[in-house]
Amino acid sequence: MDIVHIASEFAPIAKVGGLGDAVSGLAKACAKLGHNVTVILPKYDTIKEPLSSLEEDIKLILIDSEHREFDRGQIYGEEDDILRFLTFNKLASAYLEKRSFDVIHLHDWHAAGCTLFLKNSPRTIFTIHNLMYQGECLQGELTKMGVKTNTTNLMELAILNCDAFTTVSPTYAKEILTPEYGCGLEKTLIENREKLTGILNGIDTDTWNPETDSHLQENYTKETWTTGKRANKEAAQKHFHLPIDSTCPLVTAITRLVPQKGPDLILYGIEKTLELGGQFVLLGSCADEEMRASFEAFEDNRSVALYFEFNEPLSHLLYGASDMFLMPSIFEPCGLSQMIALQYGSVPLVRKTGGLKDTIEDGVNGFTFDTPDNASITSLMERAFKAYKAKQWNSFIETGMSTNLSWETSAQKYLKLYQT
Ligand code: ADP
């Protein structure tokens, strides 16, 4: 099949979060299964050439625009994001009109606008990676782009106009049909639910593999994790200026620090970790000064390291070094971080929502909780620290590391949807 993906992110060359990983994971898996895969992205100035780390079997098209909308030093966060991505959609659609594909796969609101511009489109699939960001336009913005429509919400437009749409876990596919998780779109979602499927993301096991990961101090497998993780823990403790102690539980959170990820619960998780005698490293990308300031109380604590940045190499080391991975999301469409943590033998401590519920089983490969409050964090961490000291810990790690999280199974499900 000739498949084309249109997206705002593609790992590793243009990545802010899980969207970038998901698009490249799916594209690579379909290419490996013998399909012709093209990915269309904006030509951001942040993309460093040459694109040496790209797979040769994926064709990458970078869309340049006359007014340099993508030369802003960042992917999102500009006042004119709606116009920037509508421009991208218009140019990408013009490119698509001149070629022939079997299926067009649009990702999130940044690609949803293509359904406004494409006239004779082949089978069109739309994926909701995160319903929170919908691309709500002003009429003036749409007029400026030369389109007329009464629906000003780009995500809603794609849901209405596509042949089928998906979201990134079975549980999230159910949750978004409710007012609690539907972000105001639940009525449209319910009306179109026969077009909706939940397909769990995989992870890119070439990138996320403790056996080959070059960012680790020492590589390891599920047979050699004890010594491997110890060496990585020591390297991380050195790097983050924490006391060197292989027996001390090292807890980490690697996340965008935004309300979705439960920053207050992470904050309390740090407090609880200290109380239980552990160490905590927070690697949190954060544009919000106030959010950073809320962590100030821990700044001088010797057992805590706070890094407010996006740092891919350090994230790898931390997955390899940590014993536990805290992810108390308020909502989580799929979540890649907990799956990466499983693969690296860092036991996930997560809230039972969306993809976290579909991947982490309490007492088997991690620990889960329901109600997002401090009392839940207390019991979660107390249970995890207790298990850490018991023999049973090994089975958490070995079960997690044995899980098949590769994209192949999910890619097969997408391919079926492409063909229907
Ligand atoms: P989301 O897409 O909502 O941010 P996911 O869990 O699906 O959450 O994916 C997050 C991805 O981004 C993972 O690969 C994670 O390791 C990475 N990531 C998040 N924050 C950081 C950070 N501060 N530094 C490095 N990598 C990060």
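Read the numbers this way: they start at 1 and go in the same order the structure lists the ligands and their atoms.
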Does G335 reach ligand 1, in the sense of a heavy atom lying below 4.0 Å from it? yes
Ignoring angles and geometry beyond distance, decide whether Q338 reaches within less than 3.5 Å of ligand 1 through its nitrogen or oxygen atoms. no
Kindly assign one of parallel, tilted or perpendicular to the pair F367 and W393, based on the angle between their ring planes and the thresholds 30° and 60°. parallel
Quick test: of every protein heavy atom, which one is nearest to atom 26 (N) of ligand 1, and how far off is it to 0.1 Å? F310 CE1, 3.4 Å
Please write down residue, atom name and distance for the protein heavy atom closest to atom 2 (O) of ligand 1. G18 N, 2.5 Å
List the closest protein heavy-atom neighbour of atom 7 (O) of ligand 1: residue, atom name, distance to the nearest 0.1 Å. L336 N, 3.1 Å
For ligand 1, indicate whether the residue N311 contacts it via side chain, backbone, both or neither (heavy-atom separation under 4.0 Å). backbone
Taking the side chain from K48 and the backbone from T46, do they hold a donor-acceptor pair closer than 3.5 Å? yes
If you count the atoms of ligand 1 from 1 in the order shown, which ones are under 4.0 Å from a heavy atom of S315? 25 (C), 26 (N)
Heavy atoms, side chains only, cut-off 4.5 Å: are K413 and K416 in contact? no
Looking at ligand 1, does any of its N/O atoms fall within less than 3.5 Å of an N/O of E309? yes
Quick one: which ligand 1 atoms are inside 4.0 Å of a heavy atom on M327? 6 (O)
Taking atom 1 (P) of ligand 1 as the reference point, the nearest protein heavy atom with its distance: K261 NZ, 3.5 Å
Ligand 1-proximal atoms of V16, by part, heavy-atom distance under 4.0 Å: neither
Has ligand 1 got any nitrogen or oxygen that is less than 3.5 angstrom from a nitrogen or oxygen of I340? no
Can you list the atoms of ligand 1 that are under 4.0 Å from a heavy atom of Y319? 15 (C), 16 (O)
Should Y307 be listed as contacting ligand 1, given a heavy-atom distance under 4.0 Å as the test? no
Out of L257, D21, T255, the nearest non-hydrogen contact to atom 20 (N) of ligand 1 is supplied by T255
Report yes or no: does N219 contribute a side-chain atom to a donor-acceptor pair with the main-chain N or O of P210 at less than 3.5 Å? yes
Residue pair D373, T371: steps toward the side chain to side chain donor-acceptor pair (under 3.5 Å) verdict: CA-CA 6 Å; D373 60 14; T371 316; 5.2 Å; no
ring-ring contact (aromatic ring centres under 6.0 Å, His included) partner of W109, the single match among Y76, F85, F126: F85
Atoms of ligand 1 less than 4.0 Å from R256 heavy atoms? 1 (P), 3 (O), 4 (O), 20 (N)
Derivation and outcome, side chain to side chain contact (heavy atoms under 4.5 Å, CB included), residues L189 and F165: CA-CA 10 Å; L189 290 163; F165 69 107; 3.5 Å; yes
Please assess Y414 against W407 for the test side chain to side chain contact (heavy atoms under 4.5 Å, CB included), listing each intermediate value before the final yes or no. CA-CA 10 Å; Y414 277 105; W407 261 101; 4.0 Å; yes
Closest to atom 13 (C) of ligand 1 among protein heavy atoms sits S337 OG, 3.7 Å
A student checking ligand 1 against K15 at a 4.0 Å heavy-atom cut-off should list atoms 12 (O), 14 (O)
Test item: side-chain donor near acceptor, Y181 and T353, under 3.5 Å: yes
Donor-acceptor under 3.5 Å (E141 side chain, L138 main chain): yes
K195 side chain vs L160 backbone, donor-acceptor pair below 3.5 Å: yes
Only heavy atoms of G17, strictly under 4.0 Å: list the atoms of ligand 1 that pass. 2 (O), 4 (O), 12 (O)
Apply the test ring pair (Phe, Tyr, Trp, His ring centres under 6.0 Å) to residues Y418 and H35: give CA-CA distance (whole Å), side-chain angles for both, the deciding distance (0.1 Å), then the verdict. CA-CA 12 Å; Y418 294 164; H35 298 278; 8.2 Å; no
